[in-house]
There are 2 protein chains.
Amino acid sequence: MKLINQLSKETGLPIATIRFYEKSGLFKGQKKKGITTNNYTYYDDEVTEKLDLIRDAKSVGFTLSEIKELIDAWYNKRISKPKKMEILDAKLAQINDKIKELNAVKKQINYLKREVEKYDC
Amino acid sequence: MKLINQLSKETGLPIATIRFYEKSGLFKGQKKKGITTNNYTYYDDEVTEKLDLIRDAKSVGFTLSEIKELIDAWYNKRISKPKKMEILDAKLAQINDKIKELNAVKKQINYLKREVEKYDC
DNA sequence: ATAAAGTATGAAGCATACTTTATACTTTAA
DNA sequence: TTAAAGTATAAAGTATGCTTCATACTTTAT
């Protein structure tokens, strides 16, 4: 169980960002029972995993609400197994589409390179 | 030479979005010489190509300023050829990184699927 | 000729995703 | 023991990328 500072170091995300994500409902920390002197929030390894997923998914263009769906499909107990699989499969399809689009953009850029090579003097 | 309405139809982008992109310096239309009755802006096929590139690049997570770089590398005459090639190659590398990250996220989602399959009953 | 549709422009509004600030309390290290 | 560093919370501020609105003029179709 770690505090937010350690979580930040492990994930490479700023503390303020982590708090923002937590406030957005992407995960939850816990208050330690029995401690009355402070109000600190503790995080377990699952949160680290979730933050890694958030970071990676964000970097390829998923929005926070898309990522929330993904995380809910992973760990929300009120979602049925078939529904979860459906969501995960939809995300996989979305990723495959993105890869296709990236390859298309790649093609376009290679075309631009040839154009620059040809005409730009 | 087309008006904004036709450009919108060709690219599938809303007129307001096209105007916003033009205002952001991603491309320029032209005022027709000799016409004094109106103030309409005309666009040539190059603008259509640029908008297609913008649409595709955006859909895979490029920001407008990254896309601006890309377009400048393609058609800004004040940028030297080697510099252009450098920018285009950097973009290609960025795309390859994105593809790698997408494959990583794909892996993660497949892991989630196995987890759901195993433990979620 | 006139109503509907298209174009131009500036400004305001909005959603997403943070980031910064302010304030206050807690823990830790010298 | 006290100054520095860490934590919590709410609220305001910022950047990006649009979208909507208001107003006004132009073109097109009937």
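The sequence lines fix the lettering, A, B, ..., with proteins before strands; numbering per chain opens at 1.
Between B:K91 and A:V105 there is no side-chain heavy-atom pair separated by less than 4.5 Å. B:T63 places none of its side-chain heavy atoms less than 4.5 Å from the side chain of B:K58. Side-chain contact between B:E115 and B:Y111 is present, with at least one heavy-atom pair separated by less than 4.5 Å. With contacts defined as side-chain heavy-atom distances shorter than 4.5 Å, the pair B:Q30/B:T41 does not qualify.
Take B:D97 and apply the side-chain contact (heavy atoms from CB on, under 4.5 Å) test, not counting sequence neighbours, and it matches no residue. Scanning for salt bridge (Lys or Arg N to Asp or Glu O under 4.0 Å) contacts around B:D56 gives an empty result, with sequence neighbours left out. Under the salt bridge (Lys or Arg N to Asp or Glu O under 4.0 Å) criterion, B:D44 pairs with no residue, sequence neighbours left out. For B:D52, the side-chain contact (heavy atoms from CB on, under 4.5 Å) partners are B:T11, B:T48, B:R55, not counting sequence neighbours. Not a single salt bridge (Lys or Arg N to Asp or Glu O under 4.0 Å) links B:K98 to another residue, sequence neighbours left out. With sequence neighbours excluded, the residues satisfying salt bridge (Lys or Arg N to Asp or Glu O under 4.0 Å) with A:K2 are A:E10, A:D45.
Using a cut-off of 4.0 Å between Lys/Arg side-chain N and Asp/Glu carboxylate O, B:E46 and B:K50 are scored as salt-bridged.
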Tabulate atom names and distances for all N/O pairs under 3.5 angstrom spanning the protein and nucleotides 9-16 of chain C.
{"unit_1": "C:dT9", "atom_1": "OP1", "unit_2": "B:N39", "atom_2": "ND2", "d": "3.0"}

Give me, pair by pair, the N or O atoms of the protein and of nucleotides 21-23 of chain C that are less than 3.5 Å apart, along with how far apart they are.
none

Validation: residues 14-23 of chain B side-chain donor-acceptor distances under 3.5 Å, sequence neighbours left out:
{"unit_1": "B:E22", "atom_1": "OE1", "unit_2": "B:Y43", "atom_2": "OH", "d": "2.6"}
{"unit_1": "B:E22", "atom_1": "OE2", "unit_2": "B:G29", "atom_2": "N", "d": "2.9"}

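The cationic atom of A:K32 (NZ for Lys, CZ for Arg) lies less than 6.0 Å from the six-membered ring centre of A:Y42 and within 45° of the ring axis.
Interface residues of residues 4-14 of chain A facing DNA chain D, ordered by number: A:I4, A:N5; criterion, heavy-atom separation under 4.0 Å.
Mapping A:T37 and A:T17 onto DNA chain C by nearest heavy atom places A:T17 closer to the 5' end of the strand. In this structure, A:Y43 and B:N38 both approach DNA chain D, and ranking their closest nucleotides by distance from the 5' end singles out A:Y43. Map B:F62 and B:Y40 each onto its nearest nucleotide of DNA chain D; the residue landing nearer the 5' end is B:F62.
Side chain of A:K81 to backbone of B:E117: a donor-acceptor contact under 3.5 angstrom is found.
Protein chain A touches strand DNA chain D; the 5'-most and 3'-most nucleotides with an atom under 4.0 angstrom of its non-hydrogen atoms are D:dG6 to D:dT9.
Across every non-hydrogen atom of A:L88 and B:I109, the tightest pair is O-CG2, 3.8 Å.
Among the atoms of the strands shown, only primed sugar atoms or phosphate atoms (P, OP1, OP2) are found under 4.0 Å from some heavy atom of A:Y21.
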Exercise. Under a cut-off of 3.5 Å for both distances of each Watson-Crick or G-U pair, what dot-bracket string does DNA chain D give, using [ ] for crossing pairs and | for inter-strand pairs?
Worked result: ||||||||||||||||||||||||||||||
